[in-house]
Student: 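Sharing a structure, written as structure tokens. Questions coming.
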Amino acid sequence: MSTNAPFAKMNGLGNEIIVADMRGRADRIAPKAAVALNADPATKFDQIMAIHDPRTPGTANYIEIINCDGSMAQACGNGMRCVVQALAAETGEKIFTFETIAGILNAEEHEDGLISVDMGEPRFGWQEIPLAEEFRDTRMIELQIGPIDAPVLHSPSVASMGNPHAIFWVDQDVWSYDLERFGPLLENHPIFPERANISIAQVTSRDALTLRTWERGAGLTRACGSAACAAAVSAARTNRTGRQVTVTLPGGLLAIDWREDDHVVMTGPAEWEFSGSFDPATGLWRRDRQDVA
């Protein structure tokens with residue numbers, strides 16, 4: 001019988017996150033447990049960030065990322081900020097090195113409480129994203145939704161930030177598009193063999209853009225950090241913006257810096273909501289006594 005593990009319910013710009021402490025344990029969070037937690041309005045989430053013991057010397061922890069449908073995710077920038085805030089409060093440390101399925105990530109909590117996460121280098125090769133067929137120039141690929149002669153969305157930029165992203169550029173307000181309808185179709189389009197995060201982006205100046213994202217395995221989200229990074233680098237690649245931009249998401253603002261060393265650094269807030277414990281096998285949970293009104 002599984003013993004309960006501590007968790008904190010948090011959010012990064014409204015991106016609902018569960019930070020689960022799986023340190024000192026050999027088990028993992030079962031997909032059915034994730035689905036059960038997501039079915040409860042109190043613990044509904046976009047991603048679970050499961051903190052495991054380190055696997056690689058020089059790293060603080062191994063972080064497993066789980067979507068609300070129980071599938072695995074390679075990257076979650078907003079979730080990483082929540083992990084940093086939780087561990088900084090526990091340990092007093094400010095600088096962390098983590099390992100994820102997508103590689104090594106460095107992160108830092110600043111004096112003002114904002115948290116920067118080095119999301120690594122973007123990948124633009126069609127096999128790296130990956131795509132199902134060759135496109136030599138991934139700044140714009142042939143993909144559209146709607147009538148052939150008048151598509152609603154078309155010609156997205158595609159990139160990988162450890163996970164696949166497609167960014168559709170629009171001139172109108174991003175809220176004028178029915179992303180809830182188009183998102184599932186595009187996420188599961190055959191061109192994306194590992195599915196994809198689907199974003200609609202409007203560039204508002206050389207250093208700003210507005211973004212909405214349908215997140216692979218999670219659906220509509222108030223913020224997707226890796227999508228903000230993918231949109232920022234794609235905007236710079238297509239000469240829509242410079243390499244430093246502020247991305248406005250439904251949940252708030254993220255600062256994205258595509259540094260000269262090719263690493264993408266994302267800076268933004270995290271927020272603690274409540275804590276509890278849960279069964280990683282079933283998802284049954286209870287709130288900590290001090291958090292019960």
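Index from 1, following the sequence.
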Student: Do Leu186 and Trp214 touch side chain to side chain, with heavy atoms closer than 4.5 Å?
Tutor: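 Counting from C-beta outward, Leu186 and Trp214 never come under 4.5 Å.
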Student: Please determine if Asp21 and Arg23 form a salt bridge, counting it only when a charged side-chain N lies under 4.0 Å from a carboxylate O.
Tutor: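 The answer is yes: the pair qualifies as a salt bridge.
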Student: If you apply the rule side-chain contact (heavy atoms from CB on, under 4.5 Å), what do you find for Arg139 with Val158, and how did you get there?
Tutor: CA-CA 6 Å; Arg139 289 176 296 182; Val158 289; over 6 Å; no
Student: Do Lys9 and Lys44 have side chains that approach each other closer than 4.5 Å (heavy atoms only, starting at C-beta)?
Tutor: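 No, side chains not in contact.
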Student: Please give me the minimum heavy-atom distance between Leu254 and Ala228, naming the atom from each residue.
Tutor: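 Taking Leu254 first and Ala228 second, the nearest heavy atoms are CD1-CB, 3.9 Å.
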Student: So Asp171 and Gln202, do their side chains get closer than 4.5 Å, heavy atoms only?
Tutor: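 The answer is no, as the side chains (C-beta and beyond) never meet within the 4.5 Å cut-off.
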Student: Do side-chain atoms of Gln244 reach the backbone of Ile256 as a donor and acceptor pair under 3.5 angstrom?
Tutor: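 Such a contact is absent between Gln244 side chain and Ile256 backbone.
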Student: Checking Trp258 side chain against Asp262 main chain: does a donor-acceptor pair fall under 3.5 Å?
Tutor: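 Confirmed, Trp258 side chain pairs with Asp262 backbone.
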Student: Keeping the roles fixed (side chain from Thr213, backbone from Glu215), state whether a donor-acceptor pair exists under 3.5 Å.
Tutor: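 Checked: no pair found.
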Student: Can you check side-chain contact (heavy atoms from CB on, under 4.5 Å) on Phe192 and Leu143, steps first, answer last?
Tutor: CA-CA 11 Å; Phe192 303 119; Leu143 178 63; 3.9 Å; yes
Student: Okay, side chain of Asn67, backbone of Ala218: is any donor-acceptor separation there less than 3.5 Å?
Tutor: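 Side chain of Asn67 to backbone of Ala218, a donor-acceptor pair under 3.5 Å: no, none is there.
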Student: Looking at Arg28, I want to see if its CZ is surrounded by more than 12 non-hydrogen atoms of other residues, nucleotides or ligands under 6.0 Å.
Tutor: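 Incorrect, the count does not exceed 12.
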Student: Find out if a path of hydrophobic residues (ILVMFWY) with successive side-chain heavy-atom gaps under 4.5 Å connects Leu105 to Val233.
Tutor: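 Yes, it is one cluster - the side chains of Leu105 and Val233 are joined through contacts under 4.5 Å.
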Student: Is there a salt bridge (Lys or Arg N to Asp or Glu O under 4.0 Å) between Glu99 and Arg55? Walk through the geometry before answering.
Tutor: CA-CA 8 Å; Glu99 183 182 6; Arg55 299 182 180 180; 6.0 Å; no
Student: Would you give the length of the straight line joining atom CD of Gln144 to atom NE2 of His154, rounded to the nearest 0.5 angstrom?
Tutor: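 Reported to 0.5 Å precision, the distance equals 8.0 Å.
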Student: Using a strict 4.0 Å threshold on nitrogen-to-oxygen distance, state whether Lys94 and Glu108 make a salt bridge.
Tutor: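 Salt bridge flag = no for Glu108 with Lys94.
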Student: Is it true that a side-chain atom of Arg123 and a backbone atom of Glu128 form a donor plus acceptor pair closer than 3.5 Å?
Tutor: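 Such a contact is absent between Arg123 side chain and Glu128 backbone.
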Student: Between Phe182 and Ile191, is there a shared hydrophobic cluster once you connect ILVMFWY residues whose side-chain heavy atoms come closer than 4.5 Å?
Tutor: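 Yes; tracing contacts between hydrophobic side chains, which count when under 4.5 Å, links both residues.
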Student: Any side-chain heavy atom of Phe45 sitting closer than 4.5 Å to one from Ile17?
Tutor: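 When only atoms from C-beta onward are counted, Ile17 and Phe45 do not touch, as no gap falls below 4.5 Å.
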Student: Any heavy-atom pair between the side chains of Arg81 and Met266 that's under 4.5 Å?
Tutor: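 Sidechains of Arg81 and Met266: in contact.
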Student: Going through the distances and angles, do Met161 and Val264 end up as a side-chain contact (heavy atoms from CB on, under 4.5 Å)?
Tutor: CA-CA 9 Å; Met161 285 303 309; Val264 184; 4.0 Å; yes
Student: Is a side-chain donor or acceptor of Asp46 paired with a backbone partner of Thr221 at a separation under 3.5 angstrom?
Tutor: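 Judged by distance alone, no pair lies under 3.5 Å.
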Student: Is there a path from Ile104 to Met119 through hydrophobic residues (I, L, V, M, F, W, Y) whose side chains come within less than 4.5 Å of each other?
Tutor: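 No, Ile104 does not connect to Met119 through the hydrophobic network.
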Student: Do you know which of Asp53, Ile63, Asp27 makes side-chain contact (heavy atoms from CB on, under 4.5 Å) with Met22?
Tutor: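 Going through the options one by one, the only one that passes is Asp27.
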Student: Where do Asn11 and Glu271 land on the side-chain hydrogen bond (donor to acceptor under 3.5 Å, both in side chains) test, with the steps shown first?
Tutor: CA-CA 5 Å; Asn11 77 79; Glu271 183 181 16; 3.0 Å; yes
Student: Does Trp126 share a hydrophobic cluster with Phe168, counting links as ILVMFWY side-chain heavy atoms below 4.5 Å and allowing steps through other members?
Tutor: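 Same cluster.
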Student: Can Arg212 be said to sit on top of Trp175's aromatic six-ring, NZ or CZ under 6.0 Å from centre and within 45° of the ring axis?
Tutor: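 That pair qualifies as a cation-pi contact.
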Student: To the nearest 0.5 Å, tell me how far Cys68 SG sits from Glu16 CD.
Tutor: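 So the SG of Cys68 and the CD of Glu16 are separated by 11.0 Å.
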Student: At what distance, to the nearest 0.5 angstrom, does CD of Glu273 lie from OG1 of Thr43?
Tutor: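 If we round to the nearest 0.5 Å, Glu273:CD and Thr43:OG1 are 11.0 Å apart.
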Student: Applying side-chain hydrogen bond (donor to acceptor under 3.5 Å, both in side chains) to Ser157 and Trp169, what does each step give before you reach the verdict?
Tutor: CA-CA 8 Å; Ser157 300; Trp169 305 104; 2.9 Å; yes
Student: On a heavy-atom basis, which atom in Ile101 and which in Ala73 lie closest, and how many Å separate them?
Tutor: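 Where Ile101 meets Ala73 most closely, the heavy atoms are CG2-O, 3.9 Å.
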Student: Could you report the tightest heavy-atom contact between Thr241 and Ala232, atom names first, then the distance?
Tutor: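 Looking at all heavy atoms of both residues, the closest pair is OG1-O, 4.2 Å.
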Student: What distance separates Ile95 CD1 from Glu109 CD, expressed to the nearest 0.5 Å?
Tutor: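 One finds 11.0 Å between CD1 of Ile95 and CD of Glu109.
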Student: Considering all heavy atoms of both residues, which atom of Ser234 and which atom of Ala159 are nearest to each other, and what is their separation?
Tutor: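 That closest heavy-atom pairing would be OG-CB, 4.1 Å.
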Student: Hey, could you give me each pair passing ring-ring contact (aromatic ring centres under 6.0 Å, His included) that has a residue in residues 75-119? Not counting sequence neighbours.
Tutor: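 Listed by first then second residue: Phe96-Phe98.
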Student: Is it the case that over 12 heavy atoms from other parts of the model lie below 6.0 angstrom from the CD atom of Glu142?
Tutor: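 No, because the 6.0 Å sphere around CD of Glu142 holds 12 heavy atoms or fewer from other groups.
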Student: So, the side chain of Asn197 versus the backbone of Arg216: is there a donor-acceptor pair under 3.5 Å, distance only?
Tutor: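 Yes; at least one donor-acceptor contact below 3.5 Å.
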Student: Does either side chain, that of Ser226 or that of His165, offer a donor lying less than 3.5 Å from an acceptor on the other one?
Tutor: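 Judged by distance alone, the side chains do pair up.
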Student: CD of Gln127 to OG of Ser160: how many Å apart, nearest 0.5 Å?
Tutor: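 If I round to the nearest 0.5 Å, the distance is 13.0 Å.
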Student: Less than 6.0 angstrom from the centroid, inside 45 degrees of the normal: does Arg237 satisfy that with respect to the ring of Phe124?
Tutor: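 Pair Arg237/Phe124 counts as cation-pi.
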Student: Determine yes or no for a side-chain-to-main-chain donor-acceptor pair under 3.5 angstrom, with Arg25 supplying the side chain and His52 the backbone.
Tutor: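 No.
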Student: Are any side-chain N or O atoms of Thr100 and backbone N or O atoms of Gly103, one a donor and one an acceptor, separated by less than 3.5 Å?
Tutor: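 Judged by distance alone, yes, a pair lies under 3.5 Å.
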Student: Can you hop from Val35 to Phe7 via hydrophobic side chains spaced under 4.5 Å?
Tutor: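 No, separate clusters.
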Student: Which atom names give the shortest non-hydrogen contact between Ala132 and Pro193, and what distance separates them?
Tutor: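 Of all heavy-atom pairs spanning Ala132 and Pro193, the closest is N-CD, 3.7 Å.
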Student: Thr97 pairs by side chain to side chain donor-acceptor pair (under 3.5 Å) with which of Asn106, Asn61, Asp118?
Tutor: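 Only one of Asn106, Asn61, Asp118 forms a side chain to side chain donor-acceptor pair (under 3.5 Å) with Thr97, namely Asn106.
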Student: List the steps and the verdict of side-chain contact (heavy atoms from CB on, under 4.5 Å) for Val152 and Tyr177.
Tutor: CA-CA 8 Å; Val152 178; Tyr177 295 85; 3.9 Å; yes
Student: With sequence neighbours left out, what residues match Leu253 under side-chain contact (heavy atoms from CB on, under 4.5 Å)?
Tutor: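 Leu253: side-chain contact (heavy atoms from CB on, under 4.5 Å) contacts with Thr246, Thr248.
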Student: For residues Val174 and Ile200, report the shortest heavy-atom separation together with the two atoms involved.
Tutor: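 Minimum heavy-atom separation between Val174 and Ile200: CG1-O, 3.6 Å.
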Student: Measure from the side-chain N and O atoms of Arg240 to the backbone N and O of Val203, and report whether any donor-acceptor pair falls under 3.5 Å.
Tutor: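 Checked: no pair found.
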Student: Identify which one of Thr138, Ile141, Ile167 satisfies the side-chain contact (heavy atoms from CB on, under 4.5 Å) criterion when paired with Pro156.
Tutor: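 Looking at Thr138, Ile141, Ile167, the match for Pro156 under the side-chain contact (heavy atoms from CB on, under 4.5 Å) is Ile141.
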Student: Atom SG in Cys76, atom CD1 in Ile66: separation rounded to 0.5 Å?
Tutor: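 CD1 of Ile66 is found 11.5 Å from SG of Cys76.
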Student: Heavy atoms, side chains only, cut-off 4.5 Å: are Ile18 and Met49 in contact?
Tutor: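 Contact flag for Ile18/Met49 side chains = no.
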Student: Applying side-chain contact (heavy atoms from CB on, under 4.5 Å), name anything that partners Ala223, two or more places apart in sequence or on another chain.
Tutor: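 With neighbours one apart ignored, the set is Leu13, Asn15, Asn78, Leu249.
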